[in-house]
Amino acid sequence: MLDLSPDEWTAILLSLRVSTVAVACSLPFALIIAWLLARRRFAGIVVLEGLVYLPLTLPPVVTGYMLLLLFGRAGWLGAFLNAHFGIVFAFRWTGAALAAAVMGFPLMVRSIRLALEGVDRRLEEAAATLGAAPPLVFASVTLPLIGPGIIAGAILAFARSMGEFGATITFVSNIPGETQTLATAIYTFTQVPGGDAAALRLVAVSVVLSLAALILSEQLDRRGWRRVLGR
Amino acid sequence: MTLSLSVRHRFGSLELEAAFDSPDGLTAVFGASGAGKTSILRLIAGLVRPVQGRITLGDDVLVDTAQRRFVPAYRRGIGYVFQEPRLLPHLTVRQNLAYGGFFSRRQAPAIDFDRVVALLDIGALLPRHPGTLSGGEAQRVAIGRALLSRPRLLLMDEPLASIDELRKAEILPYVERLRDELRIPIVYVSHALDEIVRLATTLVVVNRGRIAAAGPAGSVLSRIDLPILAHRRDAGVVLDVEVDAHDEHWHLSRLRCRAGLLSVPRIAHPPGSALRIWVRARDVSLATEPPRDTSILNVLPAHIVQMAPGDGATVDILLDCGGQPLISRITRLSASQLGLAPGMPVFAMIKGVAFERG
């Protein structure tokens with residue numbers, strides 16, 4: 001049944017690449033932001049929190065349009081990055097990854113932040129009295145304890161990225177082989193006569209991938225906590 | 001190595017203002033719950049930065065707010081056994097113990113892993129995870145972990161609170177050995193008088209954030225003007241004694257102390273060994289004439305130093321028996337009938353069976 005055409009394969013593989021890159025690149029930032037939100041009290045924390053969580057409530061089209069304004073060839077960040085680092089986002093798969101990262105970011109931050117807030121600070125104190133400097137306490141106590149939260153957050157963000165549509169199509173359009181992901185490909189097929197079969201095949205792939213992500217996250221979550229709690 | 005502390009800090013509603021010296025040996029910090037005992041330990045450990053004050057350990061200035069000096073906890077080389085074990089849940093017992101040694105200061109004398117494991121009887125627990133240990137087991141591991149970090153000073157915050165009576169009796173001798181064999185200075189927080197009597201060489205009494213008394217344990221314990229000590233049912237004094245001889249016929253032991261010779265039920269220690277016994281105030285009665293025809297074995301000539309009325313019926317009387325302080329708790333009625341007053345010569349009588357090993 002799943003006799004996929006080369007174009008369909010291209011869209012699937014592109015989606016996987018976009019989502020993987022989006023999660024991998026945003027994870028360190030998510031860790032830092034989650035740590036700031038969970039552990040620090042500073043002026044402007046509300047603004048930061050709002051900015052991070054904004055893509056959750058904003059219409060994705062709006063997010064995509066703002067990305068276009070900022071990171072398009074004429075946008076000030078886009079022009080700067082292009083001139084100094086040769087990085088171009090507009091109408092490239094890297095742009096799709098950026099859009100996916102921005103949309104998945106709040107989910108990842110939220111998951112890590114909750115895990116951080118659940119860490120028993122007294123354990124970190126104990127580690128300090130044993131001679132561990134703050135960065136070592138983070139690496140040897142905090143990080144292992146929030147591991148399951150990080151993994152759960154990454155999988156959630158990955159799943160969100162796989163399904164990203166509105167921001168992607170607004171920001172980088174829907175170019176086969178470059179920016180046409182699973183979601184935008186399905187949309188395209190439903191718009192052309194006789195595309196129903198192809199759309200259905202991709203829908204099936206989509207369902208399988210999402211289910212797999214859910215099961216994987218559940219499994220890792222359970223095993224992760226068991227490892228952390230040593231039972 | 002003397003720990004010297006003089007700090008002022010606010011913990012919630014508690015205004016802490018404390019100054020005392022803790023010389024080598026074991027300094028017990030005693031007081032009611034909420035008196036500020038744990039807060040003092042947290043200041044010493046560097047987990048809290050005082051508003052104002054100075055803390056030194058030997059020649060090392062740990063905190064001096066006037067100089068804006070504050071050494072962070074991880075660089076102090078001070079071990080801390082918390083009230084709860086605080087073992088790292090993602091590591092095994094063996095890894096937790098190793099964690100203590102991993103960051104330790106290399107210049108401090110090493111403490112052998114196997115020796116610590118043997119002394120605390122935790123060998124069988126090594127492969128297990130903290131989540132599967134009982135409270136007592138976990139606390140023994142926590143003590144081992146703190147020791148293996150080679151501390152210059154060990155802080156213990158009611159380490160026996162989570163341990164049952166049986167285990168307590170097993171761990172107390174080990175704390176004594178830390179004090180006497182490893183010679184690690186210890187600051188030990190407790191509100192259990194029996195632990196303090198047994199362990200303390202120096203005693204600091206804390207009351208509502210203030211130091212009510214501080215000094216050698218024997219002399220602080222014999223103060224009858226400290227309500228926190230005096231109003232307890234188990235108030236009394238410690239006697240440092242030496243075993244003089246055993247009387248196998250009557251199954252008694254003779255102990256020598258500054259007050260003279262005492263007869264107590266046979267103890268196991270050989271003649272010549274030093275030990276510490278605890279004489280409760282309520283076990284000491286008084287007479288103005290040398291008593292005759294009495295069952296009481298120990299009669300010591302003394303004179304009254306000070307009298308402090310108790311809660312109603314009782315009065316605590318501080319005695320001097322040849323340089324050895326003793327406290328007697330009798331009824332006010334008896335004191336009045338005998339016409340007792342400071343300076344009066346009396347005879348202190350202690351039943352042979354009343355002695356307890358400190």
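Below, chain A is the first sequence line, B the second, and so on; all start at residue 1.
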Worksheet item: Are A/Glu124 and A/Arg121 close enough for a salt bridge, meaning some N to O gap below 4.0 Å?
Response: yes
Discussion item. If you count heavy-atom pairs within less than 4.5 Å of chain B, which of A/Asp120, A/Leu130, A/Leu136 leads?
Written reply: A/Leu130
Worksheet entry | Spatial distance of atom CG (B/Leu125) from atom OG (B/Ser134) [nearest 0.5 Å] | 8.0 Å
Discussion item. Is any side-chain heavy atom of B/Arg86 closer than 4.5 Å to one of B/Tyr80?
Written reply: no
Worksheet item: Does some side-chain heavy atom of A/Met103 sit less than 4.5 Å from a side-chain heavy atom of A/Pro60?
Response: yes
Fill in: Portion of B/Arg145 that has a non-hydrogen atom of chain A nearer than 4.5 angstrom
both
Discussion item. Heavy-atom cut-off 4.5 Å, strictly under: side chain, backbone, both or neither for B/Leu148 against chain A?
Written reply: neither
